[in-house]
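The first residue in the sequence is number 1, and the count goes up from there.
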Amino acid sequence: SRTYTIAGTVRPRTGEQPVFFTDAEAARLSPGVDALVTYHAATAGRAAALPGVHLQVLKGADRHEADPGAVQDTTELTGLTAFLGVAALISAFVAITVTATAFGLSVAQRRRDLALLRTIGATPKQVRRMVCAEAALVGAGGSAAGCLLGLAGAPQLASWIVRQGLAPSWFGVHFTTGSALALGVAFLAGVAVAVLSVLVAAVRAGTIRPTEALREAAVE
């Protein structure tokens with residue numbers, strides 16, 4: 001243990017509490033400086049160009065590698081990625097199951113209606129396309145609602161994950177221009193899941209014969 005005289009304070013940054021020493025004291029505490037952490041690309045460029053100096057220049061998101069808890073944070077983020085990946089797979093499975101069941105029941109309940117369409121000249125391909133179009137509309141509506149919920153709920157979910165100790169304290173969700181691409185991919189994935197879920201129901205709808213329109217309606 002050593003005693004130091006505080007000569008001034010600096011404003012803390014997210015994820016760190018800066019402490020600065022004089023050059024002489026810093027050289028005594030850490031004689032070999034092999035890394036430079038900077039917020040400015042120009043400073044990083046000048047340091048990398050110094051003759052006879054071999055520095056690991058950390059900038060952007062790589063600055064975190066200089067933190068003492070970088071290894072622990074990496075481990076936590078790896079576990080969090082696996083957890084969220086499993087949650088996404090379960091969500092997709094539930095979505096496929098519910099959508100497929102709902103459209104399978106819908107086709108069964110509208111069997112006479114679809115047979116009437118076949119009677120007036122609709123081809124099996126047209127019937128299948130109609131069912132898939134309905135699924136696409138449902139998927140578009142659900143995906144749009146999901147994207148809006150994601151915009152509102154993602155920061156709160158990130159805060160909850162941090163409170164549960166599943167991620168480092170600095171972890172958070174910040175929306176940038178790149179978020180629009182992620183939301184677009186999520187929207188298209190939702191529509192694709194909905195359409196893929198009804199392929200079996202669409203094929204079954206296409207096999208309905210026109211003569212089934214003549215049968216008596218019965219409640220299953």
Side-chain angles (χ1 to χ4, degrees), residues 77-164 166-167 171-220:
L77 288 178
T78 301
L80 176 62
T81 302
F83 169 75
L84 294 178
V86 171
L89 288 176
I90 293 176
S91 299
F93 175 77
V94 171
I96 291 174
T97 304
V98 172
T99 307
T101 304
F103 272 88
L105 181 61
S106 173
V107 169
Q109 290 179 334
R110 295 186 299 167
R111 198 169 186 86
R112 290 192 73 214
D113 298 336
L114 296 174
L116 284 173
L117 289 177
R118 294 281 285 115
T119 302
I120 63 175
T123 64
K125 182 178 180 180
Q126 288 175 326
V127 174
R128 289 194 297 266
R129 192 165 55 210
M130 180 190 72
V131 175
C132 291
E134 292 177 359
L137 288 175
V138 173
S143 296
C147 289
L148 292 177
L149 287 174
L151 287 173
Q156 284 71 24
L157 177 61
S159 299
W160 179 83
I161 289 174
V162 171
R163 290 196 301 271
Q164 300 305 312
L166 300 175
F171 179 78
V173 175
H174 307 284
F175 295 107
T176 62
T177 54
S179 302
L181 177 60
L183 289 173
V185 172
F187 177 84
L188 294 177
V191 176
V193 166
V195 174
L196 291 175
S197 302
V198 303
L199 290 180
V200 175
V203 171
R204 188 179 301 131
T207 59
I208 295 176
R209 296 186 300 252
T211 55
E212 296 190 32
L214 303 176
R215 293 182 179 179
E216 291 292 333
V219 178
E220 296 185 2

Taking every non-hydrogen atom, the tightest pair across Val138 and Phe103: CG2-CZ, 4.1 Å

Heavy-atom pair with the smallest gap, counting every atom of Gly172 and Ala158: CA-CB, 4.1 Å

Where the side chain of Ser197 meets the backbone of Val193, is there a donor-acceptor pair that is under 3.5 Å apart? yes

Using a 6.0 Å cut-off, check whether atom CZ of Phe175 has over 12 heavy atoms from anything other than its own residue. yes

For the student: nearest non-hydrogen atoms of Arg128 and Val203, plus distance: CD-CA, 3.9 Å

Heavy-atom pair with the smallest gap, counting every atom of Val173 and Ala154: CG2-O, 3.8 Å

To check you understand the geometry: which heavy-atom pair defines the closest contact between Leu80 and Leu166, and what is its length? CB-O, 3.9 Å

Reported CG-to-OG1 distance for the pair Leu77 and Thr81, which is rounded to 0.5 angstrom: 6.5 Å

Looking only at atom types and distance, does a side-chain atom of Ser143 sit under 3.5 Å from a main-chain N or O of Ala140, one as donor and one as acceptor? no

side-chain contact (heavy atoms from CB on, under 4.5 Å) with Val98: of Thr101, Val94, Ile96, only one passes, and it is Val94

Are the side chain of Arg204 and the backbone N or O of Gly104 linked by a donor-acceptor pair below 3.5 Å? no

First locate atom CG of Leu117, then atom CD of Gln126, and finally report the distance between them rounded to the nearest 0.5 Å. 9.5 Å

Report the distance from atom CD of Gln156 to atom OG of Ser159, rounding to the nearest 0.5 Å. 6.5 Å

Candidate pair Val107 and Val198, rule side-chain contact (heavy atoms from CB on, under 4.5 Å), full reasoning: CA-CA 10 Å; Val107 169; Val198 303; over 6 Å; no

Closest non-hydrogen atom pair, Gly150 against Pro155: O-CD, 4.4 Å

Working to the nearest 0.5 Å, report the span between CG of Asp113 and OG of Ser106. 9.5 Å

